Amino acid sequence: AIAAPASGLFSDLSKLQQELSEADLPNKKDAEDMLADIIKRSSNNETLPNYLLEGFTNLLNTQPDLLEKWKPIKDSLKKGG
């Protein structure tokens, strides 16, 4: 189980969501939906399934800048915030 993130993580997630909305990637809608789900689940103290975190990571593979920003966030989410 993965615990809810600390408030600093929400700030990072929000920034990532903003940058994603301005990015140009092939599966942008899927990525935006997945990130919204990650944010919603974490704000509700729900467990974040690994497939969701890894699936989102895979969608960012074409965006090295976003991927760099996502990796520490993902690590924090996996550790529980």
Side-chain angles (χ1 to χ4, degrees):
I2 298 166
S7 59
L9 221 68
F10 280 115
S11 169
D12 293 343
L13 284 165
S14 295
K15 284 182 200 153
L16 185 67
Q17 193 173 36
Q18 178 63 38
E19 290 178 37
L20 179 62
S21 72
E22 297 165 3
D24 180 28
L25 69 156
N27 298 311
K28 183 174 177 176
K29 178 73 174 109
D30 290 339
E32 287 179 322
D33 290 347
M34 290 175 97
L35 183 56
D37 195 25
I38 289 167
I39 292 170
K40 186 180 123 240
R41 286 174 184 243
S42 56
S43 67
N44 291 335
N45 295 327
E46 293 175 35
T47 299
L48 291 165
N50 202 44
Y51 72 83
L52 182 58
L53 298 175
E54 296 307 325
F56 182 68
T57 303
N58 290 339
L59 288 178
L60 294 184
N61 278 338
T62 60
Q63 300 289 316
D65 291 351
L66 290 176
L67 194 57
E68 274 311 300
K69 291 175 179 156
W70 165 243
K71 283 181 177 177
I73 296 171
K74 182 176 89 166
D75 292 342
S76 293
L77 288 168
K78 283 186 164 189
K79 289 181 192 136

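The first residue in the sequence is number 1, and the count goes up from there. Note that the structure is predicted; figures quoted are calculated from it, not measured.
Evaluation of the salt bridge (Lys or Arg N to Asp or Glu O under 4.0 Å) rule for E54 yields K74, K78 as partners, not counting sequence neighbours.
A salt bridge between K29 and D33 is present, with a side-chain N of the basic residue lying under 4.0 Å from a carboxylate O of the acidic one. Looking at R41 and D37, a side-chain N of the basic residue comes within less than 4.0 Å of a carboxylate O on the acidic one, giving a salt bridge.
What you find for L16 and W70 is that their closest heavy atoms are CD2-CE3, 3.6 Å. Across L77 and S42, no two heavy atoms sit closer than the pair CD2-CB, 4.4 Å. Closest non-hydrogen pair, L66 versus E19, comes out as CD2-CB, 3.7 Å.
A distance of 3.5 Å separates CD of Q17 from CD1 of I39, quoted to the nearest 0.5 Å. With values rounded to the nearest 0.5 angstrom, L35 atom CG is found 11.5 Å from Q18 atom CD. Rounding to the nearest 0.5 angstrom, the gap separating the CG atom in L59 from the CG atom in N27 is 5.5 Å. In this structure, CG in L48 is found 5.5 Å from CG in L53, a value given to the nearest 0.5 Å. Taking CG of L9 as the start and OG of S14 as the end, the distance is 10.0 Å to the nearest 0.5 Å. In this structure, L13 CG and I73 CD1 are separated by 5.0 Å, a value rounded to the nearest 0.5 Å.
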Would F56 and L20 count as a side chain to side chain contact (heavy atoms under 4.5 Å, CB included) if you check the C-alpha gap in whole Å, the side-chain angles of each, and the deciding distance to 0.1 Å? CA-CA 11 Å; F56 182 68; L20 179 62; 4.0 Å; yes

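No more than 12 heavy atoms of other residues, nucleotides or ligands lie within 6.0 Å of NZ in K71, so this atom counts as exposed by the packing criterion. Heavy atoms from other residues, nucleotides or ligands lying under 6.0 Å from CG of N61 number more than 12.
A distance-only check finds no donor-acceptor pair linking the side chain of Q63 to the backbone of E68 [under 3.5 Å].
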